[in-house]
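Written out below as C-alpha cells is the structure these notes cover.
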Amino acid sequence: MGSIDTPTISENGSTQSHATVEPVGDDQKPLASSNGAPEKMTPEPEATKKRRSSILPLEVGTRVMCRWRDGKFHPVKVIERRKMHFSEPNDYEYYVHYTEFNRRLDEWVKLQQLDLDSVETVVDVKVEDKVTSLKMTRHQKRKIDETLVDVGHEELDAASLREHEEFTKVKNISTIELGRYEIETWYFSPFPPEYNDSLKLYFCEFCLNFMKRKEQLQRHMRKCDLKHLPGDEIYRSGTLSMFEVDGKKNKVYGQNLCYLAKLFLDHKTLYYDVDLFLFYVLCECDDRGCHMVGYFSKEKHSEESYNLACILTLPPYQRKGYGKFLIAFSYELSKKEGKVGTPEKPLSDLGLLSYRGYWTRVLLDILKKHKGSISIKELSDMTAIKAEDILTTLQSLELIQYRKGQHVICADPKVLDRHLKAAGRGGLEVDVSKLIWTPYKEQS
C-alpha cells in the first residue's frame, strides 16, 4: 500500500493539507471547448438517474469509493449519515472510514465526493479488521514511532472491540485550539454531554479547562494567572521542562488531560479516577510560559513493575524526538527508584514498535562499548529495562543463542552497527544531572 500524507499543522494555527479537492457540484460552470465556446452538458441517462435514486440515501455499512484530499479515490465504508438542513430528501452527509488507513482519518464527506457507480450494496455491519487498518509500510511505521504509543489496550476481545467501536465510531470533536495551535482531532473522546453539540473546543493550555466558544476562552485567560501547569517542576534543561502532576492533588487537571489525550488515542481507557496516577507533562518554555508538548502517566503503585501507563506527543510537536524522550525519561525515573520498569502490557503493535526501537538503541550502545562478557541481569541493572524485554529484543535481532542451558549474547561489532543504523536516531537525550526528583511515597 502506498503512503499517504496527513494534514500538517502550521504555527499560526491553521491546518493545511498537502492536496485539496474541490467537490464537483451540480452548479459548476460548463467547461469551455478549444475554440472558446462553452461545451454542452451531456444529460444524465435515465438509467443512471433511476439507479441513483434507488441507492440513495446510502445505508450505514455501504462500501463505496471516495475522493480524498490527494485527489484520488479510496475505498471507504459508511459509518454514519446525517440529514443536511434545508436540503432535498436524499441529501445527506456521510461519515466514512477509509478502509486502507487508520481510523484517525475518518471524516464527514459530501455526496459529491462519492463515486456512486462503485457502490457495493451488501451492507456489512461487522467491525473492520484491525489488521487491515493498521497495515503500513516500514517508512510509515518509522513516522508513527514519533507520533504516539498506545499501550495496555490491546486486550479487548471481539465483543468488547465491537462495543468500543460502536460507541466511538463517529468523531465528536473535529478540532481543538490549544495555545497558538488549532489541531485536527483523530478520535472520539467522551466529553460531558453538554459538549455534544460542539465541533470545536478551546483549551486553556495551562490549566486545560475547555470551553465551547473563543470568547469564553478569552475571558478565562484574563482571569487565569497560570503560566505553567499545576504540579512540581522536576526537570529543566534549556527550554524543556518536565512537571510531575499528582492526580489526587490536581484531579480536574488530570481528568481534562485524559479527555484531551483521548482525542488522539484510539483504544486508550479513560480513567475518571485519576487519584491513582502520576502524570509527567513535558513542556517547551518561553517568555509566554510553559507550553505542553506531550506526557506520560504511571500508576503510583504497580505490582507488575509498570513504569508507564499511557504516553502521547501532541500532533504539532511530533517527529521532533519528544516521544523517544518521554520513553527514556520513564526509565530514568525507574533508575532513581532503584527498580526495573516496563510499559503497561500488552503493548499495541505501534507501541511495541516504538519501545523495541528504544530498547535496541540502549542495549546495543552498551554492547558496542562493553569489553568482555555481560549477562542479561547486568544489562537490566544498568538500564532499568526488565529482563524479559531485553531477552525478547535481543532474540528479535538474532543476537542471542541458547547454549548449555543458558542464554549467550553474540555481539559482533559489524552486526551491532547494522542494527543500530536500522533503529534510527535516539531522539533528545535526558540530562540526568538536571533531574531533581524524589520517588513518590504515600503521605500519611
Side-chain angles (χ1 to χ4, degrees), residues 142 145-149 151 228-229 231-246 257 261 277-286 290-300 302 305-314 316-344 347 351-370 378-386 389-390 393 420 423-440:
R142 196 175 298 124
D145 184 37
E146 270 309 305
T147 302
L148 57 90
V149 185
V151 297
H228 61 77
L229 57 146
D232 300 321
E233 186 177 18
I234 61 173
Y235 179 89
R236 171 73 71 100
S237 179
T239 59
L240 286 185
S241 284
M242 183 74 83
F243 289 83
E244 180 184 67
V245 181
D246 188 329
L257 180 57
F277 290 85
L278 295 168
F279 299 90
Y280 295 89
V281 186
L282 180 63
C283 296
E284 282 184 354
C285 301
D286 57 25
C290 296
H291 315 286
M292 178 183 170
V293 165
Y295 86 103
F296 70 90
S297 60
K298 62 181 288 189
E299 290 181 275
K300 293 175 179 176
S302 174
S305 300
Y306 294 148
N307 65 355
L308 186 145
C310 186
I311 180 172
L312 170 72
T313 304
L314 289 170
Y317 300 97
Q318 287 166 9
R319 302 183 65 193
K320 296 182 179 181
Y322 289 129
K324 297 169 185 173
F325 180 91
L326 290 169
I327 292 175
F329 201 94
S330 70
Y331 278 101
E332 293 301 335
L333 296 187
S334 292
K335 292 176 187 177
K336 286 272 190 180
E337 291 175 308
K339 301 176 181 178
V340 296
T342 189
E344 187 176 308
L347 283 167
L352 179 59
L353 182 74
S354 298
Y355 266 91
R356 187 62 60 76
Y358 170 78
W359 294 329
T360 297
R361 286 185 293 270
V362 170
L363 296 173
L364 297 197
D365 192 53
I366 292 174
L367 292 176
K368 190 176 177 181
K369 297 174 182 176
H370 189 79
E378 289 171 321
L379 283 172
S380 182
D381 292 340
M382 294 169 68
T383 62
I385 300 173
K386 204 170 183 178
D389 296 329
I390 295 175
T393 299
L420 275 170
R425 293 179 299 169
L428 303 170
E429 290 190 9
V430 180
D431 185 347
V432 184
S433 67
K434 304 293 177 63
L435 174 60
I436 303 172
W437 180 73
T438 303
Y440 176 82

Kindly write out the residues that satisfy salt bridge (Lys or Arg N to Asp or Glu O under 4.0 Å) with [X], not counting sequence neighbours, or none if the list is empty.
X	result
K368	D417
K434	D431
E332	K335
E429	none

Give the minimum heavy-atom separation between [X] and [Y], together with the two atoms involved.
X	Y	value
T360	A423	CG2-CB, 3.9 Å
V430	A328	CG2-CB, 4.0 Å
L229	C283	CD2-SG, 3.2 Å
L326	T313	CD1-OG1, 4.1 Å

(message) Quick one, V245 and L257 - any side-chain contact, counting heavy atoms below 4.5 Å?
(response)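 Not touching, per the 4.5 Å side-chain cut-off.
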
(message) If you apply the rule side-chain contact (heavy atoms from CB on, under 4.5 Å), what do you find for H291 with Y317, and how did you get there?
(response) CA-CA 11 Å; H291 315 286; Y317 300 97; 4.1 Å; yes

(request) Could you please spell out the steps behind the side-chain contact (heavy atoms from CB on, under 4.5 Å) verdict for L364 and L367? (result) CA-CA 5 Å; L364 297 197; L367 292 176; 4.0 Å; yes

(message) Show, in sequence, the C-alpha distance, side-chain angles and deciding distance for W437 and M242, and conclude whether the side-chain contact (heavy atoms from CB on, under 4.5 Å) test is met.
(response) CA-CA 11 Å; W437 180 73; M242 183 74 83; over 6 Å; no

(request) Please identify each residue that fulfils ring pair (Phe, Tyr, Trp, His ring centres under 6.0 Å) with F296, with sequence neighbours left out. (result)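 With sequence neighbours excluded, F296 shows a ring pair (Phe, Tyr, Trp, His ring centres under 6.0 Å) to Y280, given in chain and number order.
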
Between [atom1] on residue [X] and [atom2] on residue [Y], distance to nearest 0.5 Å:
X	Y	atom1	atom2	answer
M292	L314	CE	CG	4.5 Å
K336	L333	NZ	CG	9.0 Å
C285	R236	SG	CZ	4.5 Å
K339	N307	NZ	CG	10.5 Å
H370	L363	NE2	CG	13.0 Å
C310	F277	SG	CZ	9.5 Å

(message) Taking side chain to side chain contact (heavy atoms under 4.5 Å, CB included) as the definition, give me every residue that meets it alongside S302, ordered by chain and number, with sequence neighbours left out.
(response)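 E299, E304, Y306.
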
(request) Please work out which of the three classes, parallel, tilted or perpendicular, describes the rings of Y331 and Y358, given edges at 30° and 60°. (result)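 Because their plane-to-plane angle is under 30°, the rings of Y358 and Y331 count as parallel.
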
(request) Could you tell me whether D365 and R361 make a salt bridge, using a distance below 4.0 angstrom between a side-chain N and a carboxylate O? (result)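 Between R361 and D365 there is no salt bridge, as every charged N stays at least 4.0 Å from the carboxylate O atoms.
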
(request) Could you tell me whether E337 and K298 have a side-chain N and a carboxylate O separated by less than 4.0 Å? (result)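 A salt bridge links E337 with K298.
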
(message) Determine whether a donor-acceptor pair (N or O, by modelled atom type, separation under 3.5 Å) exists between the side chain of S380 and the backbone of I385.
(response)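 Pair found, side chain donor or acceptor close to backbone of I385.
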
(message) Here's a test for you: under side-chain contact (heavy atoms from CB on, under 4.5 Å), which of L435, L282, L428 qualifies with F329?
(response)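 For F329, the side-chain contact (heavy atoms from CB on, under 4.5 Å) check succeeds only for L435.
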
(request) Apply side-chain contact (heavy atoms from CB on, under 4.5 Å) to the pair W359 and I390, showing each step before the final yes or no. (result) CA-CA 7 Å; W359 294 329; I390 295 175; over 6 Å; no

